[in-house]
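Contents: one structure, followed by commentary.
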Amino acid sequence: MTSTIDPKTIGRPIRPRRHVRTLTGYLPETDAAGKEQWPRGEEEVWRAGIRGLDKTVDDITKSVVNHVQTSLARQAYNIDDLGAYQAAALSVRDNLLVNWNETQLNYTKKNPKRAYYLSLEFLMGRTLDNALLNLGLKDEYKDGVQKLGFSIEDILDKERDAALGNGGLGRLAACYLDSGSSTELPLWGYGLRYKYGIFQQLISPEGNQLEAPDPWLDNQNPWELPRLDVTYEIRFYGRSERSHDGSGRAVWAGGQEVVAVAYDVMIPGYGTKTTNNLRLWESRSKRGFDLNSFNAGNYEGAVESSNSADAITSVLYPNDHTSFGKELRLKQQYFWTAASLADIMRRFKNQNKPLAQFPDFVAIQLNDTHPTLAIPELMRILIDEEDLTWDQAWTIVTNTFFYTNHTVLPEALEKWPVPLLEHVLPRHLQIIYDINLFFLQAVEKKYPGDRERLARMSLIEEGQPKQVRMAHLAAIGSRKVNGVAELHSDLVRTTILKDFVEFEGLSKYSNVTNGITPRRWLDQCNPELSALITKTLAVDKNVWLKDLKLLKGLIPHAEDADFRKAWAAIKQRNKERLAAHVQSTLGLTVRTDAMFDVQIKRIHEYKRQTLNILGVIHRYLTLKVMTPEEKAKVNPRVVFFAGKAAPAYYIAKLTIRLIVNVAKVINGDPDTKDYLQLYFLPDYSVSLAEVLIPASDISQHISTAGTEASGTSNMKFCLNGGLLLGTVDGANIEIAEEVGESNVFFFGHLTPAVEDLRYQHLYHPVPIEEKCPALANVLNQISSGLFGNDDIYEPLLNTIRQNDYYLLSDDFDSYIAALAMVDEAYQDKEEWIKKSINTTANMGKFSSDRAILEYAESFWNIEPTPFK
Ligand code: 26V
């Protein structure tokens, strides 16, 4: 749309040029020798200008009241819990800002190499409690709000989760930010500020999942700082014309331009002042920023076009593990990588260093393939805008990026149709073709005439349409590639990127086992256990929470009966807390004198919630035929499920429906309800996980071997003294190595067997009645209408009866046997508690501090950059 307004039109709004000055006396000046000279020679004078932290209860009440009256414009007699939460949050934000400002100033002064974590998802959950913990002001705020007549628990409960992620990949990003700040690394996150996070899950009376939008920003978000001064223009569509001067440069013009606006989220470190930044981009129409371009007489058209610009950051895509090729998703990916790179480039250029030094100051971690367009985008900037040669640019690129793979499932490997890329990002497609050409020339040189290898390794997959393989692009454009647990990294090296390892050498392809932050996943979610650990280890909690291997000091205490009693009592109170939560949110009464058995994660066939529910049905059928004497020996069990299904994933939704309907029958059956209860808790979230995990005796991580890259909730349960029932997959293996196999319940076929079994299913199928009668019986009971009288579940049951890709029929018997072993072990309460203590004690390896330091040292080459 071209402007029809004459630039000289009178009254045309003009965006004022910003005239930036330094507050007199408030910043250092650089002298002729390039040294910083502080005004009046005193850095302290500058610091005196900075507001200090609110430290006393009095400071805190004053600041909260001040926010009630000013920021919220409310009266002291007119405050509810939500208002009190908002005022307290704004007050805490002021305190975070003190450290955040100092952190950024420290980086500006010292100019260390920085790392940037590019992730389309940051599943942060709630912030207030974590911010208080990290600031060391938990008690002060508790007392402060109490003085004002409020309870801190009620206030904390008013916060909505920031749910800008689907599951493990997004939560991992959040744990890594926490650890980056806690270990004082110069690490920033870059993501998108979705208006709607992951959908809210509702369950209909029939057991169907319904999705409702998550308008998490409706009651303003106190944790973000809008930075309307940090904006970049991002282009889509248009034409790319190559110059014919042999330079390889091109001009990309026309199409749509939208504006990226920065919102900053402060990330405080635990026990340190370092407060890093998470920068989230929001898309806006260029019109709001460039009022010249309003069309005279077409006000409505202009407003309409502004809607399509907003759409880019409007919603988080709720799929994981299925590639779907939607144009808007591609636009999200480019919008975000282009804005982030422009911002990183601007910061680098402020230093006036030659571009060849870019990788000495910048490391960029690609969280899965989602940000892979950053690779051609940096090539474009360096070649088209900075006039570098192809080789100079490629050297910079391949020393800047690092790629983490989070799945080997074929359907989850991202591919973009060539025609779509050509339409949306014509210049980038040219660059991708050039990268491919040079790359395949090098492959051909090493393996002359090996056409099949070239086809396998090409960035372009042949077909209708051709597709760009993003994992190949991410791999060849990066300095290092890693998987997220030992087994998974091995699979990356031997399956999806095998040819690349052969071509480039093994040393580029490595592993960093995932981790979790013990601040949120032990201290915050399980304060009683944390307090007991602190007392027992006799070290300050801020020592062991930052050096998690110190938990090993608990091992001898497993032999102490009083300690075991205290340990068990905490587990019991956590079960009661969960039961109270279920009572107050769902109105259901959960018995707390039973074993709590939990499986919480995205609903997916490969994660095999189906195996679990079939196991529950098997248990139910067994109970039904038991005599009262037999039943008297049974340990009661309460089984919890929670998790969302992708809205278009039919089989996953059917699984939810089956669980809900089995629950109705089991919980209502007087023969069995004293021995078995089953709950599907709707709308799984970080906050719900914080209540469920500390209450679990046993948790299930039962993916088909070789399919779950790592898993991170397995780590959370074990850190909280829950035992693990699982397959030999992902990080389960490393957990067992740490805590000892005798403390883990393993079952099922191993990864190397999977391929053969699948082959047998296809070419030598054995009827399920013959292969696994127990399973056949369960399936038949469902078919016969035990949980509803129609054939609604047939498509789900057929996935097992027909080709059973996830091997339920191969693992069912050993799964049932493992469940029986769990029952048996639970009979001996003292032994069980010992296992629980020893499990927690040996989980030190899985701190995300360890993981982030591995990235920092072996990949990014960045260092802790503390300040006083
Ligand atoms: C993939 C895709 C494919 C295209 C469509 C949209 C979409 C969205 C998300 C993903 C990511 C799937 C990969 C993932 O979430 N992997 C999980 O990463 C966790 C952290 O490393 C790990 O613990 C889990 O085992 C792994 O499944």
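Counting convention: from 1, in listed order, for ligands and their atoms alike. Position 1 is the first residue of the sequence; numbering continues from there.
- Ligand-side atoms of ligand 1 in range of Arg329: 6 (C), 7 (C), 8 (C), range being under 4.0 angstrom from any heavy atom.
- Using a 4.0 Å cut-off between heavy atoms, Thr322 contacts ligand 1 through its backbone alone, with no side-chain atom that close.
- Within the listing of ligand 1, atoms 25 (O) sit less than 4.0 angstrom from a heavy atom of Ala709.
- Listed by atom number, the atoms of ligand 1 under 4.0 Å from Tyr606 heavy atoms are 27 (O).
- Interface of Val484 with ligand 1, defined as ligand atoms under 4.0 Å from a residue heavy atom, comprises 21 (O).
- Relative orientation of the Tyr237 and His423 rings is tilted, given thresholds of 30° and 60° on the angle between their planes.
- Counting non-hydrogen atoms of neighbouring residues, nucleotides and ligands closer than 6.0 angstrom, the NZ atom of Lys498 reaches no more than 12 such neighbours.
- Of the possible donor and acceptor atoms, one in the side chain of Trp336 sits under 3.5 Å from a partner among the backbone N and O of Tyr190.
- At a 4.0 Å heavy-atom cut-off, ligand 1 does not touch His488 at all.
- Ring geometry for Tyr317 against Phe324 counts as tilted: the plane angle lies between 30° and 60°, on a 0 to 90° scale.
- Ranking the protein heavy atoms by distance from atom 17 (C) of ligand 1 puts His406 O, 3.7 Å first.
- Within a 6.0 Å sphere centred on CD of Glu741, heavy atoms belonging to other residues, nucleotides or ligands number 12 at most.
- Counting protein heavy atoms only, atom 25 (O) of ligand 1 is closest to Glu708 OE1, 2.6 Å.
- Although no hydrogens or angles enter the test, the distance criterion places a donor-acceptor pair under 3.5 Å between the side chain of Thr799 and the main chain of Leu796.
- At a heavy-atom distance under 4.0 Å, only backbone atoms of Ala412 (N, CA, C or O) approach ligand 1.
- At a 4.0 Å cut-off, not a single heavy atom of Arg171 sits close enough to ligand 1 to count as contact.
- Separation of the Tyr815 and Phe747 ring centroids falls under the 6.0 Å cut-off.
- Residue-environment remark: CZ (Arg456) exceeds the threshold of 12 foreign heavy atoms within 6.0 Å.
- Residue contacts with ligand 1 for Asp320 involve both N, CA, C or O and side-chain atoms from C-beta outward (heavy atoms, distance under 4.0 Å).
- For atom 7 (C) of ligand 1, the closest heavy atom belonging to the protein is Asn319 O, 3.6 Å.
- The nearest heavy-atom contact from the protein to atom 23 (O) of ligand 1 is Gly711 N, 2.9 Å.
- Applying the 4.0 Å criterion to heavy atoms of Phe324 picks out, from ligand 1, the atoms 5 (C), 6 (C).
- Between Asp804 and Arg758 there is no salt bridge, since no side-chain nitrogen of the basic residue lies less than 4.0 Å from a carboxylate oxygen of the acidic one.
- Atom 15 (O) of ligand 1 has Leu169 CB, 3.4 Å as its closest protein atom, hydrogens excluded (heavy atom only).
- The shortest heavy-atom distance from Asn166 to ligand 1 is not under 4.0 Å.
- Ion pairing between a basic and an acidic side chain is recognised when a charged N comes within 4.0 Å of a carboxylate O; Asp178 and Arg520 show no such pairing.
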